[in-house]
Amino acid sequence: MTAARPIPADELRAAVDAVRPWLTGHAEQPPRAVLGAAVKTSARWLAQQVPGRSVEVRVPPFVAVQCIPGPRHTRGTPPNVVETDAGTWLRLATGTLTWADALAEGRVSASGNRADLATHLPLSPLRAG
């Protein structure tokens, strides 16, 4: 398997900017390809910035990535899994939803002692300001 090319911050911002009106409630859900591009690019950017294989981040049906340094998982269901829907993931990635609020509201499932993305979200190029 060849390594994926690095994702530049401007590519991440462009992919997510295409769905921001939907995230803020000012537009209908974007086409699947546009939404998928935003989810895949942002999840892969996280994995690029926090490389590792101890946590699997799943945003079905679009992407699953492994990240966070620590013990590597190779078979079966990983012990550290984060799973959420596309809208919640993108709101976490952009900072319009906090990790604590997403957990409290049941919008994200995080199992395992390493499955805490609070220090990695929002993604730095997507932070407001």
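FYI, the numbering just counts along the sequence from 1.
Checked for salt-bridge contact, Asp17 and Arg20 meet the test: a charged N lies under 4.0 Å from a carboxylate O. A salt bridge links Arg5 to Glu11: one of the charged nitrogens lies within less than 4.0 Å of a carboxylate oxygen.
Between Ala110 and Trp99, the closest heavy-atom pair is CB-CZ2, 3.9 Å. The shortest heavy-atom contact between Asn80 and Arg114 is OD1-N, 3.0 Å. For the residue pair Trp22 and Gly87, the shortest heavy atom distance occurs at CH2-CA, 3.6 Å. Closest heavy-atom contact between Arg107 and Asp85: O-OD1, 4.1 Å. Across Val63 and Ala43, no two heavy atoms sit closer than the pair CG1-CB, 3.6 Å. Looking at every heavy atom in both residues, Ala38 comes nearest to Ala15 through CB-O, 3.4 Å.
Considering only heavy atoms from C-beta on, Arg32 stays 4.5 Å or farther from Leu35 through its side chain. Here the side chains of Leu117 and Leu92 are not in contact, with every heavy-atom distance at 4.5 Å or above. Counting only heavy atoms from C-beta outward, the side chains of Val55 and Val81 never approach each other to under 4.5 Å. Contact of the Trp89 side chain with the Val108 side chain is not registered, since no non-hydrogen atoms from C-beta on lie closer than 4.5 Å. Considering only heavy atoms from C-beta on, Val16 stays 4.5 Å or farther from Thr41 through its side chain. With a 4.5 Å cut-off on side-chain heavy atoms, Ser42 and Leu12 count as touching. Taking 4.5 Å as the limit, every side-chain heavy atom of Pro122 sits out of range of all side-chain heavy atoms of Thr94. No side-chain heavy atom of Val82 sits under 4.5 Å from any side-chain heavy atom of Arg58.
Using modelled atom types, one side-chain atom of Ser54 and one backbone atom of Ile68 make a donor-acceptor pair closer than 3.5 Å.
No option in Leu121, Thr84, Thr88 other than Thr88 meets the side chain to side chain contact (heavy atoms under 4.5 Å, CB included) test with Leu97. When Val50, Val65, Ile7 are each tested for a side chain to side chain contact (heavy atoms under 4.5 Å, CB included) with Trp45, only one passes: Ile7.
Within 6.0 Å of atom CD in Glu105, more than 12 heavy atoms from other residues, nucleotides or ligands are found, so the atom counts as buried in its surroundings.
Here SG of Cys67 is found 12.0 Å from CD of Gln48. Values are rounded to the nearest 0.5 Å. To the nearest 0.5 Å, atoms NE2 (His120) and CG (Leu46) are separated by 7.0 Å. Separation of atoms OG1 (Thr24) and CZ (Arg91) is listed at 8.5 Å; rounding is to 0.5 Å.
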